[in-house]
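Reckoned from all heavy atoms, side chains included, excluding hydrogens, waters and symmetry mates. Here is how names work: the chains are called A, B, and so on, in the same order as the sequence lines, proteins then strands, and each is numbered from 1.
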Number of protein chains: 2
Amino acid sequence: MRTARNGAADGGAIRSERWDILPAMATMTSADIRVHNQVRLLRAVHDAPEPLTRAAAARLLAIGRNTAGALVGELERARLLHEVPAAATGRGRPTTLLLPHPEGPVAFAADIREDSWTLARIALGGELTELESGEHDRTPAVFELIEEAVARHASDRLAAVGIAIAGPIRDERWLHISHLGWDEVDLGEHLGEAWPPTVVGNDARLAGLAEARRGVLRGTGTAMHFHIDFDIGGTLLLAGDSQTGAHNIAGEFGHMPLTGSPLRCMCGSLGCWSLDVGTNALMRRFGKEPGYGAGRAFGREVLRRAAEGDAAAAEAVDDNAAALGRGLGALANALDPEAISLSGLGVELIRLRRGLIEASCEAALMAFRRAEAPRIVAGTVGGIGPLRGAAEVAFDEVLTPEWLGARL
Amino acid sequence: MRTARNGAADGGAIRSERWDILPAMATMTSADIRVHNQVRLLRAVHDAPEPLTRAAAARLLAIGRNTAGALVGELERARLLHEVPAAATGRGRPTTLLLPHPEGPVAFAADIREDSWTLARIALGGELTELESGEHDRTPAVFELIEEAVARHASDRLAAVGIAIAGPIRDERWLHISHLGWDEVDLGEHLGEAWPPTVVGNDARLAGLAEARRGVLRGTGTAMHFHIDFDIGGTLLLAGDSQTGAHNIAGEFGHMPLTGSPLRCMCGSLGCWSLDVGTNALMRRFGKEPGYGAGRAFGREVLRRAAEGDAAAAEAVDDNAAALGRGLGALANALDPEAISLSGLGVELIRLRRGLIEASCEAALMAFRRAEAPRIVAGTVGGIGPLRGAAEVAFDEVLTPEWLGARL
DNA sequence: ATGTTATGTTCTTACCGAGAACAAAACAAC
DNA sequence: GTTGTTTTGTTCTCGGTAAGAACATAACAT
């Protein structure tokens with residue numbers, strides 16, 4: 001069991017014992033070349049916005065048609081890819097379509113909410129199929145429910161499992177969910193050796209990954225994604241991978257003091273951005289006690305009343321949006337993203353107060369950055385962002401030289 | 001001419017026009033394998049803490065002794081490496097030492113301060129030799145002085161030039177140095193086609209790179225480095241590379257509002273961390289007007305008086321150090337570095353107030369992070385950090401498949 | 001029916017690294 | 001001084017890969 005740790009930061013375990021050589025520079029033989037090209041081809045098929053043909057794959061990968069033929073033949077024999085004739089589209093010999101093999105590998109993804117869970121399956125090409133969902137009692141026993149569901153649906157096609165969950169997971173093992181009161185929950189006890197290879201990741205980070213892979217942030221070199229629910233958390237995305245940090249607990253941008261709040265935060269620090277952005281901030285604004293996962297309906301009600309012109313609600317939403325913008329501007333000074341996407345309440349705040357968010361962001365930018373402020377956009381993956389992100393990161397296990405080398 | 005843009009973020013120029021395949025997954029043939037291994041070998045020689053032997057290189061790179069022999073022979077013929085017998089150290093046939101070739105490629109590095117400049121040369125293995133230095137009139141005409149000095153020392157061994165300079169360089173072209181009053185200086189006009197391949201980078205970022213390559217941050221997966229002079233700026237380092245951002249202007253952490261200042265900053269925003277950390281903050285504390293690169297001596301004087309027990313000076317330094325710690329804690333919540341190194345005034349602040357910095361940092365951390373707070377350490381590269389970083393990033397041009405492929 | 005176009009298949013070539021075997025050069029033990 | 005052990009260098013063979021060219025095939029255009 002390990003958590004989602006994309007990108008080059010995951011070098012600790014494979015670092016030379018004496019001194020470092022960049023992990024990317026592995027040994028390479030001609031057999032490794034073949035696997036390298038198999039990975040490239042499968043990644044291309046997986047990421048293609050529409051089904052890829054063999055001829056297009058050869059052009060895209062800049063390989064000979066003979067090599068493409070060899071790669072496809074081998075992947076078909078390994079039941080990783082299925083090739084069927086493509087309809088002719090003009091002069092010239094018709095090519096073939098490269099499709100997921102019906103017996104090819106799949107990964108499962110689970111999304112754990114405060115009181116419910118969903119299990120889905122992803123195959124090559126990215127098709128996501130919901131398998132089962134249910135409720136749970138807000139305790140870590142939910143992992144047993146997921147394990148049972150996985151067992152009901154598993155077959156030998158199952159290669160890996162990805163799990164999206166709220167809260168950070170320190171050192172891939174210690175889970176914290178403050179609004180459920182989970183503190184230092186040991187994932188090692190809940191995800192034992194009986195599990196298939198499992199990746200557990202923070203839901204905001206996985207939502208960001210989903211936008212980078214299949215959503216509005218696709219193709220963006222440096223981006224950020226923020227999910228706003230009770231509070232705000234997110235991820236820095238570099239070349240499509242979300243950054244994890246040294247102990248796998250990067251992304252808590254909501255716990256930076258970006259908006260001048262004098263209040264103490266539940267996280268243990270002072271003045272966090274999350275005190276001013278999200279549902280908890282709206283609740284506090286109306287004298288309610290935030291916490292423990294309650295209040296989402298109230299937050300939606302405040303937004304609805306603000307849209308209808310209620311003055312107090314409008315002011316509350318104004319302040320939420322302005323605080324959001326201010327924090328985004330500060331982060332843009334530091335990390336220089338090309339685009340910032342939002343999900344959850346963030347989509348609503350953009351809908352209601354795009355101008356205010358952008359103006360507040362710009363005011364917080366250093367003057368010379370204002371010519372090219374980052375785009376602030378609503379995520380397009382939607383509510384299944386964490387599930388989609390968990391599915392993609394689980395399926396990443398298949399698209400590796402190690403996994404393919406063992407399979408071919 | 002381009003600026004230092006390490007890491008995976010530099011994918012914009014080579015991204016597929018249709019949709020993305022990770023840039024790292026390039027085509028690979030057996031000839032590419034050879035170049036790949038040449039790069040690995042030269043990188044190992046460059047980075048080794050002590051001269052590397054052929055036998056040790058074979059073990060380190062996990063290649064056969066026959067392959068190591070072939071690689072070394074080819075690099076020697078290309079005058080990229082020089083092999084000499086090593087002294088026998090025990091039983092067994094003596095091996096050889098792999099040294100920089102006396103006619104091998106070099107890179108030049110320039111460090112531009114407010115009123116002076118330094119030019120140095122780096123060769124394989126990292127030896128840095130100062131060539132020349134001088135003063136300048138605080139205008140962009142300094143680039144012409146550097147160009148002339150480069151021309152005086154250049155030979156056909158010169159492969160690339162790296163330049164370290166204060167201020168961000170937007171889109172690799174537009175340079176801003178607020179304390180010199182340089183605004184949107186067009187590097188395209190100053191670094192024309194006559195220059196060798198040139199990389200220009202921000203000095204704080206290059207100082208961080210120096211610590212990651214040759215200093216206290218070597219081998220650290222996720223780290224941050226901050227340089228404190230008049231204000232504070234830094235860089236996020238992932239797997240030894242400093243992150244540049246979408247427009248090459250990441251790293252302005254000093255322009256985030258982390259410490260609650262009500263003041264407006266010269267950068268155009270409000271409440272920046274730099275208002276509370278660095279020489280400018282010390283000057284303001286004593287009623288002086290900061291700006292335009294003046295006051296370094298005053299800052300040192302304040303530190304000296306604080307060390308001697310002067311109450312007002314001590315309080316000023318306390319506040320500077322506490323603000324530093326608070327900001328570092330906030331950034332640790334967001335980016336989860338394993339270590340944070342400091343240079344410039346930061347080294348002095350650590351010496352005088354390590355306990356206060358660490359306590360302030362811990363107070364700003366989310367509670368569950370306090371068990372593993374990031375290490376806060378003084379950089380070890382010293383004042384030549386920017387020069388060393390510029391040298392390394394320039395020499396990186398040599399250690400690429402493209403450069404070697406053209407040379408072999 | 002013929003020509004054009006695009007793709008698939010076959011064949012040859014050149015390149016690489018691995019692994020084994022042997023050679024060489026050191027020091028250890030006697 | 002001789003023999004043995006250890007470590008590394010050199011040589012050789014093998015098997016793998018992709019590229020590129022040439023030819024075959026299958027579509028549509030004229």
Asker: Are OP1 or OP2 of D:dT17 and a side-chain N or O of B:T29 less than 4.0 angstrom apart?
Answerer: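 For B:T29, the contact criterion (side-chain N or O under 4.0 Å from OP1 or OP2 of D:dT17) is not met.
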Asker: In sequence, state the C-alpha distance, the side-chain angles, and the governing distance for A:T95 and A:R54, and then conclude on side chain to side chain contact (heavy atoms under 4.5 Å, CB included).
Answerer: CA-CA 6 Å; A:T95 184; A:R54 195 211 282 188; 4.0 Å; yes
Asker: Closest to the B:S30 side chain: D:dT17, C:dG19, D:dA19?
Answerer: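 Nearest to the side chain of B:S30 among the choices is D:dT17.
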Asker: Which listed nucleotide (D:dT5, C:dG8, C:dG3) is nearest to the side chain of A:R91?
Answerer: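 Looking only at heavy atoms from C-beta outward on A:R91, the closest nucleotide is C:dG3.
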Asker: Assign A:T96 to base, sugar-phosphate, or nothing according to its heavy-atom contacts below 4.0 angstrom with the strands shown.
Answerer: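 Sugar-phosphate, backbone atoms only, no base.
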Asker: What distance separates B:R43 CZ from B:N37 CG, expressed to the nearest 0.5 Å?
Answerer: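 Output value for this atom pair is 15.0 Å.
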Asker: Just the rounded figure in Å: distance from C1' of C:dA18 to CG of B:L61.
Answerer: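 It works out to 15 Å between those atoms.
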Asker: Mind checking the CG-CG spacing from B:L42 to B:L75? Nearest 0.5 Å is all I need.
Answerer: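 Those atoms lie 5.0 Å apart.
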Asker: Do B:T220 and B:E338 have a side chain donor and acceptor closer than 3.5 Å?
Answerer: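 Looking only at side-chain atoms, B:E338 and B:T220 do not form any donor-acceptor pair under 3.5 Å.
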Asker: Check the distance between C:dA6's C1' and A:N66's CG and give it to me in whole angstrom.
Answerer: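 Distance, rounded to whole Å: 16 Å.
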Asker: Would you classify A:D32 as touching base, sugar-phosphate or nothing, given that sugar-phosphate means primed atoms plus P, OP1 and OP2, and contacts are heavy atoms under 4.0 Å?
Answerer: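 Since no nucleic acid heavy atom lies under 4.0 Å of A:D32, the category is nothing.
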Asker: Please report the shortest heavy-atom distance between A:V106 and A:F395, naming the atom on each side.
Answerer: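 Taking every non-hydrogen atom into account, CA-CE1, 4.2 Å.
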Asker: Assign B:A62 to base, sugar-phosphate, or nothing according to its heavy-atom contacts below 4.0 angstrom with the strands shown.
Answerer: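 Sugar-phosphate contact only - B:A62 comes under 4.0 Å of backbone atoms but never of a base.
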Asker: Rounded to the nearest Å, what distance is computed from the CD atom of residue B:Q38 to the P atom of nucleotide C:dC16?
Answerer: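 That distance rounds to 9 Å.
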Asker: Output the single nucleotide from C:dC27, D:dA27, C:dC11 whose closest atom is nearest the side chain of B:A88.
Answerer: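 Ranking C:dC27, D:dA27, C:dC11 by closest atom to the B:A88 side chain puts C:dC27 first.
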Asker: Could you check how far CG of A:L60 sits from P of C:dT7, rounded to whole Å?
Answerer: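 For the pair A:L60 CG and C:dT7 P, the rounded distance is 14 Å.
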Asker: Roughly, in whole Å, what's the span from CZ in A:R40 to P in D:dT17?
Answerer: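 Those two atoms, CZ and P, are 16 Å apart.
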Asker: By nearest nucleotide on DNA chain C, pick out whichever of B:N37 and A:R93 is the more 5' one.
Answerer: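 Mapping each residue to its closest nucleotide by heavy atoms, the 5'-most match is A:R93.
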Asker: Just the rounded figure in Å: distance from C1' of C:dG8 to CG of A:L97.
Answerer: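 For the pair A:L97 CG and C:dG8 C1', the rounded distance is 15 Å.
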Asker: Just to be sure I understand the rule, does B:T27 reach a base, reach only the sugar-phosphate, or reach nothing, if contact means heavy atoms closer than 4.0 Å?
Answerer: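 Nothing: the residue B:T27, judged by heavy atoms under 4.0 Å, touches no strand.
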Asker: Looking at C:dT9, I'd like to know if its phosphate oxygens (OP1 or OP2) sit under 4.0 Å from a side-chain N or O belonging to A:R54.
Answerer: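 So the side-chain polar atoms of A:R54 do come within 4.0 Å of the phosphate oxygens OP1 or OP2 of C:dT9, strictly under.
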Asker: Please compare A:G90 and A:G64 by the position of their nearest nucleotide in DNA chain D and report the one closer to 5'.
Answerer: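 The 5'-side residue here is A:G64.
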Asker: Quickly work out the A:I63 CD1 to D:dG20 C1' distance and round it to whole Å.
Answerer: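 The distance from CD1 of A:I63 to C1' of D:dG20 comes to 14 Å, rounded to the nearest Å.
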Asker: Look at the side-chain N and O atoms of B:R59 and state whether any lies under 4.0 Å from the OP1 or OP2 oxygen of D:dT8.
Answerer: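 For B:R59, the contact criterion (side-chain N or O under 4.0 Å from OP1 or OP2 of D:dT8) is met.
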Asker: If you only use heavy atoms from C-beta on, which nucleotide in C:dG8, D:dT17, D:dT11 is closest to the side chain of A:T95?
Answerer: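 Of all the options, the side chain of A:T95 is nearest to C:dG8.
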Asker: Separation of A:R65 atom CZ from C:dC11 atom P, in whole Å?
Answerer: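 Value for this atom pair: 17 Å.
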Asker: I'd like to know if A:R213 pairs up with A:D241 as an ion pair, taking the criterion as any Lys NZ or Arg NE/NH1/NH2 lying under 4.0 Å from an Asp or Glu carboxylate oxygen.
Answerer: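 Counted as a salt bridge, because a side-chain N and a carboxylate O are separated by less than 4.0 Å.
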